[in-house]
Amino acid sequence: MTITTPTRKLERSVTALAGRVVLPEHPNWDQARLGWNLGVDQQPAAVVFPESAQDVVAAVELARAFELRVAAQGTGHNAAPLGSLADTVLVKTERMRGIEVDPKTRIARIDAGVRTLELVEASAQHGLAPLAGSSPDVGIVGYTLGGGLSWFGRKYGLAASNVHAIELVTADGQLVRVDREHEPDLFWALRGGGGSFGIVTALELQLIPVSDAYAGILWWPIERDREVLHAWADLTRHEPPDELTTVGRYLRLPPLPDIPEPMRGKSFVVVEAIHLGEPAQADELLAPLRALGPVMDTIQRISTPALNRMHMDPEHPVPATGDGMLLQTLPRQAIDEIIHTAGAASSSPLVSLEVRQLGGELARAHPDNGALAAVEADYALYAVGIAPTPEAAAQVTAHIDVVADALDPWTAEQTYLNFAETRRDPHTLWTERAHQRLRRIKATLDSDNLIRSNQPVH
Ligand SMILES: Cc1cc2nc3c(=O)[nH]c(=O)nc-3n(C[C@H](O)[C@H](O)[C@H](O)COP(=O)(O)OP(=O)(O)OC[C@H]3O[C@@H](n4cnc5c(N)ncnc54)[C@H](O)[C@@H]3O)c2cc1C
């Protein structure tokens, strides 16, 4: 029998990771440690770029041997709440980009570093779609472990509720595959409980039979905000069908070359609409908004890859400061507060403040859903500003606080992990029962707390 000593393990992992570890003394360190959010100054103990599940095993063994911790990072979109990484090996999965789509079972298998648009495009070739979020380059794994609010969520639920199987490396360096039959507790925890339970190497996701949507944006100059946002909120209060998702949003677009000429450097109030079904139904529901005479109306049938770009989220790293919250309801007074704090007459430094309607299937907690079984609020708000300097970041944060304080009477107790870009009290991320169960699973699986997540369970 061969006994694997810690030294042997370390030698084995160092050899396995040759060429895939970057340390602070290496010339490419400053590039290697960057996350998508350039405003976050990541200073980990080492960065590992695994190319396979076996490399991830080696990275976990390496961290354990040096008494360091491990944090997975798909892109770094939500790097802000991680905190100091001085004692942490950052495992950046960006080289793991394999995708396989099985059109018969409608299941996609993706490696840990796959980004949203890549999966949307691969699925679209078969007339299928994942429950993708708004941004083309958010990582599918981070997005799904946090819940996953898609434009199709009101009809089909959270992305986390549509996961078929997950492969991950646990804190003891084992590569395991979990699904409803195998390790069901861990499978439950991963679906909405975030990244605390292991380094995911692959996900299998159920796709939906959707290849296009009737979707686009109604645009008005920002000065029209009062009538537009009240009309939009009225529409959402009249229980639109689950097929329709709408967003009320302020956009103050910077004068950057990658923003199309008619919008560059200008400020707008917009309503985004995404409808799965007959356009005539959407047209009827949107008629009161169109009656307000938008200066531009881009709503038309578009393919799912085009839909993934509709929201105009940046497709490259940016220095940004953002945060989100859930709103229980959105009465007229709440809209007035949004207008007061972020509207035309305010001094808002926010590039975007959006309110998405939730509800529908997102609010239905089925027994076989995961740790985030449902989102118990009718709206999600997310606000963000460009923050190239600490001073700019402080200004954006202060303004988001002003908005949050004004909306306090309508803020839900629950917060949504993916839109939380500051460290949150875990009691607000999950129901009390789910939170206790997550803590028990974490304690059993990783008693040394080796695996770090941006939003830990305790
Ligand atoms: C512009 C923009 C648009 C967005 N739109 C949406 C949206 O429409 N809907 C929505 O729900 N969210 C949205 N988000 C939020 C987004 O889903 C979260 O920021 C999510 O955490 C990003 O995942 P990531 O892997 O890209 O980020 P990362 O910062 O790389 O990862 C975030 C966390 O995910 C976990 N994680 C990532 N990879 C792994 C892994 N392999 N194993 C274990 N844990 C892992 C870790 O805990 C990590 O700290 C948006 C964010 C931005 C900035």
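The basis for the numbers below is simple: all heavy atoms, side chains too, and nothing from hydrogens, waters or symmetry mates. Whatever order the structure lists ligands and atoms in, that order sets their numbers, starting from 1.
In terms of N/O distances under 3.5 Å, ligand 1 is not approached by D137. For F419, no nitrogen or oxygen atom sits less than 3.5 Å from a nitrogen or oxygen atom of ligand 1, counting backbone and side chain alike. The distance criterion of under 3.5 Å between nitrogen or oxygen atoms is not met by Q73 with respect to ligand 1. Backbone and side-chain nitrogen or oxygen atoms of T93 are examined, and none is located within less than 3.5 angstrom of a nitrogen or oxygen of ligand 1. Geometrically, ligand 1 and L149 share a nitrogen or oxygen pair separated by less than 3.5 Å. For the pair G139 and ligand 1, the shortest N or O to N or O distance falls below 3.5 Å. Taking distance alone, with nitrogen or oxygen atoms compared against 3.5 Å, G76 approaches ligand 1 more closely than that limit. Among the atoms of R356, some N or O lies under 3.5 angstrom from an N or O of ligand 1. Distances between N or O atoms of T75 and those of ligand 1 include at least one value under 3.5 Å. Of the polar atoms of S135, none of the N or O atoms is found under 3.5 Å from an N or O of ligand 1, judged by distance alone.
Contacts between A79 and ligand 1 below 4.0 angstrom, taking non-hydrogen atoms only, involve the backbone exclusively. At a heavy-atom distance under 4.0 Å, only side-chain atoms of V141, from C-beta outward, approach ligand 1.
Comparing heavy-atom distances from atom 33 (C) of ligand 1 across N454, I140, V138 singles out N454 as nearest. Taking only non-hydrogen atoms, the option from N78, L90, L158, V70 nearest to atom 29 (O) of ligand 1 is N78. Evaluated by nearest non-hydrogen atom to atom 5 (N) of ligand 1, the leading choice among A132, G133, A72, S134 is S134. Counting only non-hydrogen atoms, the option in V247, D313, I451, N37 that gets closest to atom 3 (C) of ligand 1 is D313.
At the shortest separation from atom 10 (C) of ligand 1 among protein heavy atoms lies Y143 CE1, 3.4 Å. Protein heavy atom nearest atom 34 (O) of ligand 1, with residue, atom name and distance: G142 CA, 3.5 Å. Nearest protein heavy-atom neighbour of atom 43 (C) of ligand 1: G198 O, 3.3 Å. Closest protein heavy atom to atom 15 (C) of ligand 1: N418 O, 3.3 Å. With respect to atom 52 (C) of ligand 1, the closest heavy atom belonging to the protein is H77 CD2, 3.7 Å. For atom 42 (N) of ligand 1, the nearest protein heavy atom (residue, atom name, distance) is V200 N, 2.9 Å.
Of the possible polar contacts, one joining the S150 side chain to the A132 backbone as a donor-acceptor pair under 3.5 Å is found. A donor-acceptor contact shorter than 3.5 Å links the side chain of N37 to the backbone of G39.
Of the options D137, N78, T75, a side chain to side chain donor-acceptor pair (under 3.5 Å) to W36 is made by D137 and by none of the others. When each of N454, L417, T415 is paired with R424, the side-chain contact (heavy atoms from CB on, under 4.5 Å) condition holds for T415 and for no other.
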